[in-house]
Amino acid sequence: MNPWMYLLFPLLGIAAGILAGLLGVGGGLVLVAALAWLLPGFGVPQEAAMHAALASSLASIVLTAASSARAHAARGSVLWPTVAWMVPGLLLGGWLGSGLAVKLDDEALRWIVAGYCLLAAWQIGFGRTRAPVDGSEVAAPRGWPMTAAGGGIGALSAVVGIGGGSMTVPLLVWRGVRPVRAVGTSSACGVAIGLASALGYALHAPDGALPEHGLGYVYLPAAVGVALASVLAAPWGTRLAHRLSAQALRRVFALFLLAVGLSVPWSG
């Protein structure tokens with residue numbers, strides 16, 4: 001095994017953990033871009049690099065999002081009724097989305113990820129919110145529309161390799177939820193997305209998808225190295241999220257998505 005993996009993957013995990021706590025995105029977007037660059041150097045075929053980056057990102061998100069959700073829950077920032085309504089849709093969407101993604105070629109996936117990041121950056125940076133102007137809390141969003149939204153979020157998240165925060169956070173903010181609580185709730189939803197999607201990439205992949213150290217398209221050294229480090233780093237991002245203003249949090253989120261979207265098409 002390449003000794004660099006013992007340094008590079010944990011460093012990515014630290015970045016992913018901080019982003020998970022800060023933005024509720026599970027670090028997935030930055031992981032996909034970075035892994036698409038790195039994995040061919042670890043023996044992953046170039047034509048499978050994007051699939052492996054997506055699958056490994058989603059597998060690591062399970063622990064990253066769980067750690068972030070736990071830290072946010074301790075501060076009362078997870079809307080559990082909303083999570084309960086969204087989870088069935090998230091699980092089904094993640095499974096179906098991963099099944100679609102394994103049928104797409106590497107270049108198509110790169111442009112889908114890039115286009116998604118740019119659209120999400122515009123939405124979170126300039127989209128409107130229905131949050132009460134007096135700063136009061138709204139009731140946790142519930143009902144079948146949230147389940148249906150979960151299905152769409154889970155499917156698209158599986159295709160672009162993320163924990164769904166760049167969709168869940170704007171949706172909840174639009175419904176009037178304060179951004180910091182939207183981030184906490186998104187982190188909890190990311191656990192369900194990661195589980196269903198990573199399992200889909202493992203089981204939908206063709207035989208011998210990766211030459212070694214793979215479970216379907218999940219490159220295990222990357223998934224494990226990132227996950228373990230991110231669990232330790234996620235609480236740092238959570239503390240920072242609770243110190244930033246709502247406007248600053250939205251700007252950080254938008255700039256982050258813009259940078260990732262511009263980098264992905266040229267990562268192959």
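Connectivity analysis of hydrophobic side chains (ILVMFWY, heavy atoms under 4.5 Å, direct or indirect) links Leu203 to Leu92, Trp95, Leu96, Leu199. Taking Ile, Leu, Val, Met, Phe, Trp and Tyr as hydrophobic and joining them when side-chain heavy atoms fall under 4.5 Å apart, one finds Leu215 in a cluster with Val218, Leu220.
Put simply, the side chain of Ser60 gets close to the backbone of Ser57: a donor and an acceptor are under 3.5 Å apart. Using a distance-only test at 3.5 Å, with no hydrogens or angles considered, a donor-acceptor pair links the side chain of His51 to the main chain of Leu104.
The structure places OG of Ser157 at 11.0 Å from CG of Leu54, a figure rounded to the nearest 0.5 Å. We find the CG-CG distance between Leu90 and Leu195 to be 11.0 Å, quoted to the nearest 0.5 Å.
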- side chain to side chain contact (heavy atoms under 4.5 Å, CB included) between Leu39 and Met50, worked out: CA-CA 9 Å; Leu39 289 180; Met50 196 63 185; over 6 Å; no
- Checking side chain to side chain contact (heavy atoms under 4.5 Å, CB included) for the pair Met146/Ile153: CA distance, chi angles, key distance, verdict? CA-CA 10 Å; Met146 298 305 297; Ile153 290 171; over 6 Å; no
- May I have the step-by-step check of side chain to side chain contact (heavy atoms under 4.5 Å, CB included) for Arg175 and Thr82, ending in yes or no? CA-CA 11 Å; Arg175 291 291 303 269; Thr82 301; over 6 Å; no
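The same ILVMFWY cluster, assembled from side-chain heavy atoms under 4.5 Å apart, contains both Trp85 and Ile193. Following chains of ILVMFWY side-chain contacts shorter than 4.5 Å, one can reach Leu58 starting from Leu109, so the two form part of one hydrophobic cluster. Connection of Val83 to Leu91 is established within a shared hydrophobic cluster, with ILVMFWY side chains joined at heavy-atom distances below 4.5 Å, either directly or through further cluster members. Residues Leu12 and Val44 fall within the same hydrophobic cluster, defined by Ile, Leu, Val, Met, Phe, Trp and Tyr side chains chained together at heavy-atom separations under 4.5 Å. Connection of Val62 to Tyr217 is not established within any shared hydrophobic cluster, with ILVMFWY side chains joined at heavy-atom distances below 4.5 Å, either directly or through further cluster members.
Residues Leu172 and Ser186 form no side-chain contact, since every pair of their non-hydrogen atoms from C-beta on lies 4.5 Å or further apart. Between Val177 and Thr185 the shortest side-chain heavy-atom distance does not fall below 4.5 Å. Residues Phe9 and Leu228 are not in side-chain contact: their nearest non-hydrogen atoms beyond the backbone lie 4.5 Å or more apart.
Remark: Pro211 pairs with Pro45 by the side chain to side chain contact (heavy atoms under 4.5 Å, CB included) rule, at least two apart or across chains.
Between Phe42 and Tyr219, the two ring planes are tilted [angle within 30° to 60°].
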